[in-house]
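We use all heavy atoms of the structure for the numbers below, so side chains are in, but hydrogens, waters and symmetry mates are not.
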Amino acid sequence: MKFLSYFIICLMLISCKKNEKKLANVAKVEIVNKADITIKGDSTLYTLNNCEVQGEKDLLVIKLDNGFDSDVELRISKSKDKFLTEYSQLTSVTDSSYKKPVFTVIKEDIILNKPKYKKGDIIVGKLKIDIAAHSTWLKDYVDTLKVSGSFRTIVE
């Protein structure tokens with residue numbers, strides 16, 4: 001009878017160890033994939049909290065949005081020491097006269113925790129970007145979007 005009790009206790013301990021590892025992996029992913037980016041304009045306020053990073057050779061592509069039903073996307077490409085930032089409006093208006101705004105990066109300050117990455121690396125970044133938004137739908141309107149915040153995720 002004692003043998004059976006020890007056997008059951010050993011099985012429970014082994015099971016607990018496996019579950020601890022699974023929970024640790026889940027916690028690591030939740031902690032790592034994080035973005036806290038704010039976009040402010042005259043009539044605009046967005047928060048981007050989703051971050052994905054793809055890396056291949058000397059090219060790194062950082063995609064920031066607010067998830068599955070995101071209205072906007074900020075995409076930053078890094079090739080060698082140069083950054084290219086693109087801001088996109090993902091939703092469209094059904095009015096046939098609608099024209100999407102034109103976005104132009106005025107100023108960008110992007111800091112990454114290291115100069116080069118490979119798949120599996122953790123990337124941490126901070127950014128401050130000014131973007132001119134020019135809309136011609138209904139009336140001619142220009143706004144400056146102030147983008148700032150930080151992100152952290154694993155390079156895929």
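Contact annotation: the side chain of F151 approaches that of L127 to within less than 4.5 Å [non-hydrogen atoms, C-beta and beyond]. Between I154 and V53 there is no side-chain heavy-atom pair separated by less than 4.5 Å. The closest side-chain heavy-atom distance from N66 to T47 is not below 4.5 Å. Considering only heavy atoms from C-beta on, L90 stays 4.5 Å or farther from D71 through its side chain. Contact annotation: the side chain of L60 approaches that of I123 to within less than 4.5 Å [non-hydrogen atoms, C-beta and beyond]. V105 places none of its side-chain heavy atoms less than 4.5 Å from the side chain of Y87. A heavy-atom distance below 4.5 Å is found between the side chains of F83 and L112.
For the atom pair K40 NZ and L145 CG, the distance stands at 12.5 Å (nearest 0.5 Å). Atom CG of N49 sits about 8.5 Å away from atom OG of S70, to the nearest 0.5 Å. In this structure, E73 CD and E86 CD are separated by 9.0 Å, a value rounded to the nearest 0.5 Å. Between the CD atom in Q54 and the NZ atom in K119 there is a gap of 7.0 Å [rounded to 0.5 Å]. Taking OG from S150 and CD1 from I37, the interatomic distance works out to 6.0 Å, rounded to the nearest 0.5 Å. Distance OG/S135 to NZ/K99: 10.0 Å, rounded to 0.5 Å.
Among L74, I39, D65, the one residue that satisfies the side chain to side chain contact (heavy atoms under 4.5 Å, CB included) test with Y46 is I39. Checked against E108 for a side chain to side chain contact (heavy atoms under 4.5 Å, CB included), the options T85, V147, I76 give a single hit: T85.
Panel note: side chain D121, backbone V155; no donor-acceptor pair is recorded below 3.5 Å. Checked by atom type and distance alone, the side chain of D42 never pairs as donor or acceptor with a backbone atom of D143 at under 3.5 Å. A side-chain donor-acceptor contact under 3.5 Å links K78 to the backbone of P115.
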Exercise. Mind running side-chain contact (heavy atoms from CB on, under 4.5 Å) on D140 and H134 for me, showing each step along the way?
Key: CA-CA 7 Å; D140 199 24; H134 183 208; 2.6 Å; yes
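Hydrophobic clustering (ILVMFWY, side-chain heavy atoms < 4.5 Å, transitive): I131 and I110 are in one cluster. Cluster annotation: I122 and L64 are assigned to distinct hydrophobic clusters (Ile/Leu/Val/Met/Phe/Trp/Tyr, side-chain heavy-atom contacts under 4.5 Å, transitive).
A35 and N50 make their closest contact through CB-N, 4.0 Å (heavy atoms, listed as atom of the first residue, atom of the second, distance).
Applying the 4.5 Å side-chain rule to ILVMFWY residues, one finds L59 in the same cluster as V61.
For K100, the NZ atom is densely surrounded, since the number of other residues' heavy atoms within 6.0 Å is greater than 12. Taking a 6.0 Å sphere around NZ of K114, one finds it holds more than 12 heavy atoms contributed by other residues, nucleotides or ligands. No more than 12 heavy atoms of other residues, nucleotides or ligands sit less than 6.0 Å from atom CD of E56.
Every residue meeting the salt bridge (Lys or Arg N to Asp or Glu O under 4.0 Å) condition with K146, not counting sequence neighbours, appears here in chain and number order: D130.
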